[in-house]
Amino acid sequence: MPATIINGKAFAATVRGQVAEHVTQLKADHGITPGLAVVLVGEDPASQVYVRSKGKQTIEVGMKSVEHKLDADTSEDDLLAVIDQLNTDPKIHGILVQLPLPKHLDEDLVINSIAPAKDVDGFHISNVGLLGTGQKSMVPCTPLGCLMMLRDHHGSLSGMDAVVIGRSNIVGKPMAQLLLGDSCTVTIAHSRTKDLPDVVRRADIVVAAVGRPEMVPGDWIKPGATVIDVGINRLDAPEKGEGKTRLVGDVDYDSCAAVAGAITPVPGGVGPMTIACLLANTVTACCRANGLPEPTGLTA
Ligand code: NAP
């Protein structure tokens, strides 16, 4: 039987709809408009595209969007001053500093200067600690999106074997924490893992967050397993015309889809969920800041 395609694009539209409804209610019942500030340092083209997309989607769900675009040579002190001002601005409930930062800026220092309650990327050390100890936190957007899709597909994840390939702070590690929080038996694999194919073959759930195009072939997948492909890799596609490219994930889609029970495509899987979860986190942060009940189903 062909794998069920987990449609992240459609799911993200549903999440954005839920966020928009909640925003409408916050405005009507409490006169509060959730506000998201995005700080971009420098002119990295990919970052500019992400920031534009975040701003557009923030406005579309009825929230306030603020963008701070700073020169590539902005000093650490000047960047910290911007964050400090956003930390104390009552109209701003979420702050995101677009990564990567130019090399002269200390990313850890900058991220840890964001007020944890406004850290909608969930990268602040306090939020990492809260997530790791099973407490209420701001949850990193990409793994949160993966978790939402897994819960939607399976209902309960309890007792399932999950293998996360990749141990980055932004995807692999928080993904593993979230799966553990939902009572999966979790293995984190990485570049030094021995017998990776055998490790992956055990899994009921495979989350690939490696950054290597089409690295996971179908014969690593247990029949019926659910495959969540976080990877976004751009390959040359001369068949589409000169200079053209195509996006692929970290799993070989066709061979994995032939074996898996369910799979996320690239594009249209995890990618769209990331910004949807950023908006969800901003509403959640806004509700917490105002002592209001937070929306259900929009966080871990
Ligand atoms: P990263 O920081 O580069 O981490 C990659 C991880 O993969 C590392 O832990 C690395 O292991 C592991 N790895 C590398 N080669 C491996 C191999 N041959 N076998 C097993 N493990 C291997 O990447 P990331 O930021 O987590 O991102 C991963 C992918 O997700 C990228 O394609 C990225 O573009 C994508 N991404 C997508 C979204 C989205 O919104 N969809 C968001 C974020 C990232 P070591 O630790 O041992 O080096």
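None of these values were measured; they are calculated from a predicted model. Atoms within each ligand, like the ligands themselves, are counted from 1 in listed order. Numbering of residues begins at 1 and proceeds along the displayed sequence.
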Side chain, backbone, both or neither: Arg212 near ligand 1, heavy atoms under 4.0 Å: side chain

Give, for atom [atom1] of [X] and atom [atom2] of [Y], the distance between the pair rounded to the nearest 0.5 Å.
X	Y	atom1	atom2	value
Leu150	Cys184	CG	SG	7.5 Å
Lys9	Thr264	NZ	OG1	15.0 Å
Glu214	Ser255	CD	OG	8.5 Å

Closest non-hydrogen protein atom to [atom], residue and atom name please, with distance?
atom	result
atom 9 (O) of ligand 1	Arg167 N, 2.8 Å
atom 17 (C) of ligand 1	Met215 SD, 3.8 Å
atom 47 (O) of ligand 1	Ser191 OG, 2.5 Å
atom 25 (O) of ligand 1	Ile170 CD1, 3.5 Å
atom 16 (C) of ligand 1	Val210 CG1, 3.5 Å
atom 42 (C) of ligand 1	Thr142 OG1, 3.3 Å
atom 31 (C) of ligand 1	Gly211 CA, 3.5 Å
atom 36 (N) of ligand 1	Val230 O, 3.7 Å

Looking only at distances, please establish whether an N/O atom of ligand 1 is found under 3.5 Å from an N/O atom of Leu196. no

Return a yes/no value for Ser168: is any of its N or O atoms, backbone included, closer than 3.5 angstrom to an N or O of ligand 1? yes

Enumerate the atoms of ligand 1 whose separation from the nearest heavy atom of [X] is less than 4.0 angstrom.
X	answer
Gly166	6 (C), 7 (O), 9 (O)
Ile232	32 (O), 34 (O), 35 (C), 37 (C), 39 (C), 41 (N)
Gly271	41 (N)
Asn233	32 (O)
Thr274	39 (C), 40 (O)
Val270	41 (N)

Which option wins on minimum heavy-atom distance to atom 27 (O) of ligand 1: Val266, Val171, Leu247? Val171

Side chain [X], main chain [Y], donor-acceptor under 3.5 Å:
X	Y	value
Asp229	Gly231	yes
Thr193	Leu196	no
Asn87	Ala115	yes
Lys240	Thr245	yes
Asp119	Ile114	no

Donor-acceptor side-chain pairing of [X] and [Y] below 3.5 angstrom:
X	Y	answer
Thr142	Thr274	yes
Thr226	His154	yes
Gln48	Lys69	no

Is the closest basic N to carboxylate O distance between Glu294 and Lys136 below 4.0 Å? yes

So is Ala209 in contact with ligand 1, going by heavy-atom distances below 4.0 Å? yes

